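Have a look at the structure below, then the notes.
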Amino acid sequence: MSEMTKFGADLIQSMSEALAHAQGKDVAGIKVHSVDVGAVDAKAIRKKLDLTQDEMATVLGTSPSGYKKWEQGKRQPSGAARTLLRVMDREPEAVLRALSSNDAAVANKKEAAH
């Protein structure tokens, strides 16, 4: 088999495996790693931080309408937003300190509440 023919066969096999994986099929040699941070209660976390919905959306870098859908259960935060919410739940002061240079009003409001 020529070098280009072998390359073509390898490419076709690789793409077939990628397609099978994307379709949820088991593919030998592929390991899937995932981290489940679990569900988060955005409203409870926001109330714990004494923030408005608009302030919470700003802190999370999302739109207020998108954030409200999380609270209403119409959508679930995913990726970085869900991870940040989990951190905010467990270490709220650390998150607000870290974000204070970006959103001094939110940080000042939280400090004034103490």
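Note that this is a predicted model, so its numbers are computed, not measured.
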Roughly how far, to the nearest 0.5 Å, is the [atom2] atom of [Y] from the [atom1] atom of [X]?
X     : Y     : atom1 : atom2 : result
Arg90 : Arg86 : CZ    : CZ    : 5.0 Å
Arg46 : Leu60 : CZ    : CG    : 11.0 Å
Thr62 : Lys69 : OG1   : NZ    : 10.0 Å
Ile45 : Glu71 : CD1   : CD    : 10.0 Å
Ser78 : Trp70 : OG    : CH2   : 7.5 Å

Report task. Check side chain to side chain contact (heavy atoms under 4.5 Å, CB included) between Lys47 and all other residues, then give those that pass, not counting sequence neighbours. Result -> Lys43

Query raised in the report: Is there a donor-acceptor pair closer than 3.5 Å between any side-chain N or O of Tyr67 and the backbone N or O of Glu55?
Result: no

Query raised in the report: Can you check whether Asp89's main-chain N or O pairs, donor with acceptor, with Lys48's side chain at less than 3.5 Å?
Result: yes

So which atom in [X] and which in [Y] form the shortest heavy-atom distance, rounded to 0.1 Å?
X     : Y     : value
Leu85 : Met56 : CD2-CE, 3.6 Å
Glu17 : Val27 : O-CG2, 3.7 Å
Val59 : Leu84 : O-CD2, 4.3 Å

Query raised in the report: Given the rule that I, L, V, M, F, W and Y join up when any side-chain heavy atoms are under 4.5 Å apart, are Phe7 and Met15 in one cluster?
Result: yes

Query raised in the report: CG of Asp10: more than 12 outside heavy atoms within 6.0 angstrom?
Result: yes

Query raised in the report: Any side-chain heavy-atom pair from Ile30 and Val32 closer than 4.5 angstrom?
Result: yes

